[in-house]
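Letters A, B, ... are given to chains in the order of the sequence lines, protein chains preceding strands, and every chain is numbered from 1.
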Number of protein chains: 2
Amino acid sequence: MDSENILERPFITITNLIWSFDHATNRVNILLVKRDNDPYNNYWALPETFMRAQESAEEAALRLVKEKIGMDLSGSHTEQLATFTNPLRTPGDRALSLGYMTFLPDKPQLKAGYGASDARWFTMGYTDKTYTFSDSDHIFQSTDCPVQRTYYSEFGGTNADPDKHLAFDHEWILKVACDRIRNKLDYQPNILLILGGKFTLKDARRVYSPFLKVRVEQIDNSNFKKSHQELFTDIGSSEVNGPGRPARLYKLAHLSA
Amino acid sequence: MDSENILERPFITITNLIWSFDHATNRVNILLVKRDNDPYNNYWALPETFMRAQESAEEAALRLVKEKIGMDLSGSHTEQLATFTNPLRTPGDRALSLGYMTFLPDKPQLKAGYGASDARWFTMGYTDKTYTFSDSDHIFQSTDCPVQRTYYSEFGGTNADPDKHLAFDHEWILKVACDRIRNKLDYQPNILLILGGKFTLKDARRVYSPFLKVRVEQIDNSNFKKSHQELFTDIGSSEVNGPGRPARLYKLAHLSA
DNA sequence: TTGATTTAAAGTACCTTTAACTTTTAATTA
DNA sequence: TAATTAAAAGTTAAAGGTACTTTAAATCAA
């Protein structure tokens, strides 16, 4: 079909967006790692790994979770996001990225030294135009432009600041991911898996909030319950820990994968 | 991160599902080609090409259309479907497949000899459980199982019949594609692009029909019009060519890509 | 203990969308 | 000219979504 000499056998990286929910702060979290090798050394990035022989991309995505945060997720929910193929998305050797998303049922403490100089949970928020991901030291934003700039570490662009931008096209990948999750809220809200085995209606609204870019209070509890009544199963009342009527607890009914 | 010796640099194939509409038979069509090289020599398959250096996968998908049916589609609508990575999906050397879909605004006559021993339009239909794709000599079906059998041409399985099954996992890819198109009918029916610049409401219902697995008559014209009124723009009355009131003609209003 | 406060559940009314069906219109055909 | 055909246009009831109000179950302070 094509002659051999023009064939491309690029590197294949698996990029996995790992989502969790922090029940202390009631916020959606995403895992970012600090790179300790070129390109983009010392930049924060979405966790990546190279695909190995004899494993499917889904298997590589789960192995990645094990390597980065020591969590065994065999049998847990990982889904394909998209594949990023722009030849300019990496400096030097071309690398395709197969994007996946994993929804962790709880937020594990991170142990240092899993193949990166640092790994942290970043809290999701939003502005008018972007989704934001912040920790105590940084705030990163999603971007609307697929490959928004040339490679800082190689060419030293004017915005070459590893405290303000993520590596590669990862700000764009975040945008694609958040838009996908938002679109699926109406018919297959797999993101709710980050709430684990029991949660209140308010918890669920707190997950929806940043994707819809509205405050939790703007999502009416009564209407939210009605439109999710066959998705949520009532499993009793929550323990009381403050003023106000205790919320009921729910679990997810089925959520087909 | 990972040591070099276990890295995989597989072949990358672009698999493009090319959809069109036959205004003579009023049926949805898909392009299949007859392979003239191993593996799966003489099997019918979805059109594929190898990705080249310096081109993105989208560009390769459009180049593929040009090569297979001589149609220049620069600027036309091609969208990503999914990426297929099961190590067992190809015999011998591993090959990832990046799936794309192209919606042709009209159905070109096929010229023989574009890098395959044959290329034909297959008519889409449906049964209870599968989507079907038939021409005068064959009927192929989508399948629910990702890699449903080992490789006929290599191992000589009992169903090793190139007149009954497609190459590789292409029956599974068809299932993923049809389900995706069906899901998007409600909010972004890009498949309607195959109707070209003007069409009747019945034409649009004939496109929906096989994906919904119902007869055209079961899709109520009046309700269909109401739920699509901001998507369709009335551009006048059709020419009369038989008994009955002439149908009005519409064009697509925007259809964001 | 009693009433104010807090938080969430439960209920209400209205409006829009959906779905099934009927009527009207505009063409052909006997 | 009336019957036939095919599609547009209209009707109605049920379902679903949205905004809002009321009730319930807890804490807290006088």
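Taking atom CZ on B:R205 and atom C1' on D:dA8, their separation rounds to 11 Å, with Å as the unit. If you measure from atom NE2 of A:H228 to atom C1' of D:dG17, you get 12 Å, rounded to the nearest angstrom. Atom-to-atom, CG of A:L201 to C1' of C:dT7 comes out at 13 Å; the value is rounded to the nearest Å. Rounded to an integer number of Å, the gap from B:N223 CG to C:dT16 C1' is 14 Å. We find that CD of A:Q229 is positioned 14 Å from C1' of C:dG11, with the value rounded to whole Å. Rounded to whole Å, atom P of C:dT17 lies 17 Å from atom CG of B:D220. For B:D186 and C:dT17, the CG to C1' distance is 13 Å, given to the nearest whole Å. We find that CG of A:N26 is positioned 10 Å from P of C:dA8, with the value rounded to whole Å.
Of the listed nucleotides (C:dA19, D:dG17, C:dA9), D:dG17 has the atom at the smallest distance from the side chain of A:S227. When each of D:dA26, D:dA19, C:dA26 is scored by its nearest atom to the side-chain atoms of A:P246, the top-ranked nucleotide is D:dA26. Listed candidates were D:dA8, D:dT18, D:dA7. Nearest to the side chain of B:K202 is D:dA7. Among D:dA19, D:dA24, D:dG17, the nucleotide with an atom closest to any side-chain atom of A:R245 is D:dA24. Side-chain proximity of B:P243 to the nucleotides C:dA10, C:dT28, D:dG17 is greatest for C:dT28.
Considering every non-hydrogen atom in both B:L231 and B:P189, the closest pair reads CD2-CG, 3.5 Å. For the residue pair B:L64 and B:P47, the shortest heavy atom distance occurs at CD2-O, 3.5 Å.
Salt-bridge annotation for B:K184 and B:E79: present, with a side-chain N of the basic residue lying under 4.0 Å from a carboxylate O of the acidic one.
With hydrogens and angles ignored, no donor-acceptor pair under 3.5 angstrom links the side chain of B:N221 to the base of D:dA6. You'll find a donor-acceptor pair under 3.5 Å spanning the side chain of B:S222 and the base of D:dG10, going by distance alone. Applying the 3.5 Å distance criterion, the base of D:dT18 shares a donor-acceptor pair with the side chain of A:K226.
Within the 4.0 Å cut-off from OP1 or OP2 of C:dA10, at least one side-chain nitrogen or oxygen of A:K225 is found.
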**Request:** Would you please test A:S142 and A:T130 for side-chain hydrogen bond (donor to acceptor under 3.5 Å, both in side chains) and show each step?
**Result:** CA-CA 6 Å; A:S142 66; A:T130 65; 4.8 Å; no
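Both tests do not hold together for B:K225 against B:Y250: distance to the six-membered ring centre under 6.0 Å, angle to the ring axis within 45°.
Each of A:G244 and A:Q218 has a nearest nucleotide on DNA chain D; the 5'-most of these lies closest to A:Q218.
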